Amino acid sequence: MDNKEIARLFSEIAELMEIKGENAFKIRAYQKAVRTIESFTEPLQSLHAEGKLESIEGIGKGLAGKIAEALEKGSVQQHQELLKSLPEGLLDLLDVPGMGPKKVKLVYDELNITSIDELKRAAEAGALQSLPGMGKKSEEKILKGIEHRQQTSSRFLIGVAAPIAQEILDRIRQVKGVKQAQIAGSLRRGKETAGDVDILVAAKAGKPIMEEFLATPAVRDVLAKGDAKSSLVLNNGLQVDLRIVPEASFGAALQYFTGAKEHNVKLRARAVKQKLKVNEYGVFKVDGDDPIAGSTEEDVYASLGLVWIPPELREGLDEIELAEKDQLPALVERQDIRSALHNHTTASDGLMRLDELAAEAKRRGYEYIAVTDHSGGLGVAGGLNADRLKKQMDEIHGFNEKKGGVPVLTGSEVDIRVDGRLDFPDDLLAQLDVVIAAVHGSLDQPREKITKRICDALENPYVDILSHPSGRLIGRRPPMDVDWEALFAKAAETGVVLEINAHYMRLDLKDQHIREAMKYGALFSIDTDTHAAADFDNLDYGVRTARRGRLAAKDVINCLPMKDFMRWKKKHRRQGRVNEKTR
DNA sequence: GCCGTTTTCGGCCCGACTGTTTTCAGTCG
């Protein structure tokens, strides 16, 4: 078992214990271990070999023993016993918004509900509102949550699918005879979720490649195996398809299997007008059998009179028309990103100290960063009150004087309270280099109220960035019911930057909203909202979402060198104060 | 289950909000 699998196992143990109502602190110990293991870069296997598991913070005798058990036997007895003692569907119920461990136990004890389907039926029949502590509103919330979940749950989050796909791709590329190999499909387009993984290989002989593919670890099922195409289902339910094509067709096949379908339909229609036809083998004259293009995507697009279109744009909107006129936007790239402006430390709910965060950021090539711990309004995150924030600012100034590290800006992720006021007074916010405002509670206020709440916060001249503007968690929690037009107009008017939160469960703003906000002239930041070192890995998902939103580097403030960023901020805040006076 | 210590047992984050209550339990972050 690798670190991820062990983290998952412990997480499941914690959830099962929660339903059973076991000691809350014991459960917390497991949850803490999950976070630690998830962000741990070294394999637990090697620590285990050295007998050093207990040196990890939060891992004592008990958990070290369970990790060892998992590594050696591939399972943990306590976990098996917990599973046996409860019906297996109960864990799914925890994913429904409004359902916590107590409610799960309640519906199980009283109504014998053990699956989401049964829960849905009970809610529809009005059987939930008769339970103690539940009423009509709880029932409605649960029903809404289930419906939202069912619309999205058959797809995999990019942050789950992409690393798996990359791992398989890396292995395939090692096989002798592989000329080229690429991930296609919605993963290549950087979509927030993927239905399956498509891998495309250019090679002559298929057999050794297929053998390597079929030897992928953690396979649950082999759906098909042939010389040109095989399909697997992994233990987590993710389907992976591998296709092998001749080198001369690789570009055409890559284009074809990257999609989106709507994009390909438009492309083929365009080809027909030019007396050409496009398929996965190449571009052909209608009356000919010899391909005029096919080995590279560039050739395929060029043969149709188009510049190459970045995969993130291939959604069947107006990208083909833009490509024809060579007017595609120059999309932001990962290398353009100079700063990480949204990060947490151990002062609130982060896992790294200030110096550790700065070192990690430097290692990853950032030119400067900001520390933006939570404000006091957010109890759980150990948010900072004004005094602690001031102390942290001193600490940061001291750190910067030492030189050698990456420069650190002071900041805060200040909570937007229910009434739109911020957690800190203006005179304190004015002293910070970066002020990020965010909604964390009461996400289901009615549209008018929540829109006003956020817009009021944007009018504060010291707010620089609005974090995770919709509050959604993909497949788990619907977005806030915001009047987006009003919000985007307000962001443009006040100059407050809209965050593209790069965490793969958020990707918030999402691509479509980015395109809309850009029409209003809004600016954006791409940030990982880093709590642990591994969170920086999410940057790629944020960049790709920004690219799908058609952003160029000039639209993204993280692309500014530090001096220019500070200049921008000054100007933005001055403008904010002018707006305030004239209002 | 972990941790630290006044070293072997007691503390471990907790406040806001909601919906259900009529004084609070459960969920969320």
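Here the structure is a predicted model, which is why all the values come from computation and not from measurement. Letters A, B, ... are given to chains in the order of the sequence lines, protein chains preceding strands, and every chain is numbered from 1.
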- Message: Under 4.0 Å, counting only non-hydrogen atoms across every strand here, what does K137(A) touch: a base, just sugar-phosphate, or nothing?
- Response: sugar-phosphate
- Note on the structure: In short, ring pair (Phe, Tyr, Trp, His ring centres under 6.0 Å) pairs touching residues 16-36 of chain A with sequence neighbours left out are F10(A)-Y30(A)
- Rounded to the Å, how far apart are Q31(A) CD and dT27(B) C1'? 13 Å
- Expressed in whole Å, how much space separates the P atoms belonging to dA25(B) and dG10(B)? 25 Å
- Message: Just to be sure I understand the rule, does K141(A) reach a base, reach only the sugar-phosphate, or reach nothing, if contact means heavy atoms closer than 4.0 Å?
- Response: nothing
- Tell me: CG of D415(A) to P of dA16(B), nearest whole Å? 11 Å
- Item | Sequence neighbours excluded, every pair satisfying side-chain hydrogen bond (donor to acceptor under 3.5 Å, both in side chains) that has a member inside residues 120-132 of chain A | K120(A)-Q150(A), Q129(A)-E139(A)
- Answer yes or no: is there an ion pair linking K66(A) with E69(A), defined by an N-O contact shorter than 4.0 Å? no
- Message: Taking the P atom in each of dT21(B) and dT27(B), what is the distance between them to the nearest angstrom?
- Response: 15 Å
- Query: Taking the C1' atom of each, how far is dT8(B) from dA16(B), in whole Å?
  - Reply: 37 Å
- Contact list for DNA chain B against residues 99-110 of chain A - heavy-atom distance below 4.0 Å: M99(A), G100(A), P101(A), K102(A), K103(A)
- When the nearest nucleotide of DNA chain B is assigned to K136(A) and to S442(A) on a heavy-atom basis, which residue is associated with the more 5' position? S442(A)
- With both distances kept under 3.5 Å, what pairs with dT8(B), Watson-Crick or G-U wobble? none
- Given the P atoms of dG19(B) and dC13(B), what is the spacing between them in whole Å? 28 Å
- Starting at NE2 of H468(A) and ending at P of dC28(B), how long is that distance when rounded to a whole Å? 17 Å
- Query: What interatomic distance, in whole Å, is found between P of dG1(B) and the corresponding atom of dT5(B)?
  - Reply: 23 Å
- Message: Between dC2(B) and dT7(B), how far apart are the two C1' atoms, rounded to whole Å?
- Response: 15 Å
- Query: Between dT18(B), dC13(B), dT20(B), which one does the side chain of S138(A) approach most closely?
  - Reply: dT20(B)
- Query: dA16(B) P sits how many Å from D444(A) CG, rounded?
  - Reply: 18 Å
- Message: In whole Å, I'd like the distance from the CD1 atom of I27(A) to the P atom of dC28(B).
- Response: 15 Å
- Query: What's the spacing between N558(A) CG and D527(A) CG if we round to 0.5 Å?
  - Reply: 5.0 Å
- side-chain N/O R28(A) vs dC13(B) OP1/OP2, d < 4.0 Å: yes
- Task: Could you grab the distance from atom CG of L128(A) to atom OG of S138(A), nearest 0.5 Å is fine?
- Result: 8.5 Å
- Item | ring-ring contact (aromatic ring centres under 6.0 Å, His included) between Y462(A) and F424(A), worked out | CA-CA 11 Å; Y462(A) 302 104; F424(A) 290 131; over 10 Å; no
- Item | Atom P, compared across dG15(B) and dT20(B): separation rounded to whole Å | 25 Å
- E81(A) side-chain N/O to Q78(A) backbone N/O, donor-acceptor pair under 3.5 Å: no
- Item | Separation between the C1' atoms of dT23(B) and dT18(B), rounded to whole Å | 15 Å
- With syn defined as a glycosidic angle within 90° of 0 and anti as everything else, classify dT8(B). syn
- Nearest-Å distance, CZ (R472(A)) to C1' (dC28(B))? 20 Å
- Closest to the 5' end of DNA chain B, once L63(A) and G135(A) are matched to their nearest nucleotides, is L63(A)
- For I59(A), report the nucleic acid contact type (base, sugar-phosphate, nothing); a contact means any heavy atom under 4.0 Å. sugar-phosphate
- Please state whether the phosphate of dC12(B), meaning OP1 or OP2, lies under 4.0 angstrom from any side-chain nitrogen or oxygen of K26(A). no
- Note on the structure: To the nearest angstrom, the CG-C1' distance between L94(A) and dC28(B) comes to 13 Å
- Message: What is the distance, to the nearest angstrom, from the CD atom on E18(A) to the P atom on dC28(B)?
- Response: 10 Å
- Note on the structure: Between the CD1 atom in I158(A) and the OH atom in Y504(A), the distance rounded to the nearest 0.5 Å is 11.5 Å
- Locate the shortest heavy-atom distance separating D433(A) from L409(A); write the atom from each residue and the value. OD2-CA, 3.4 Å
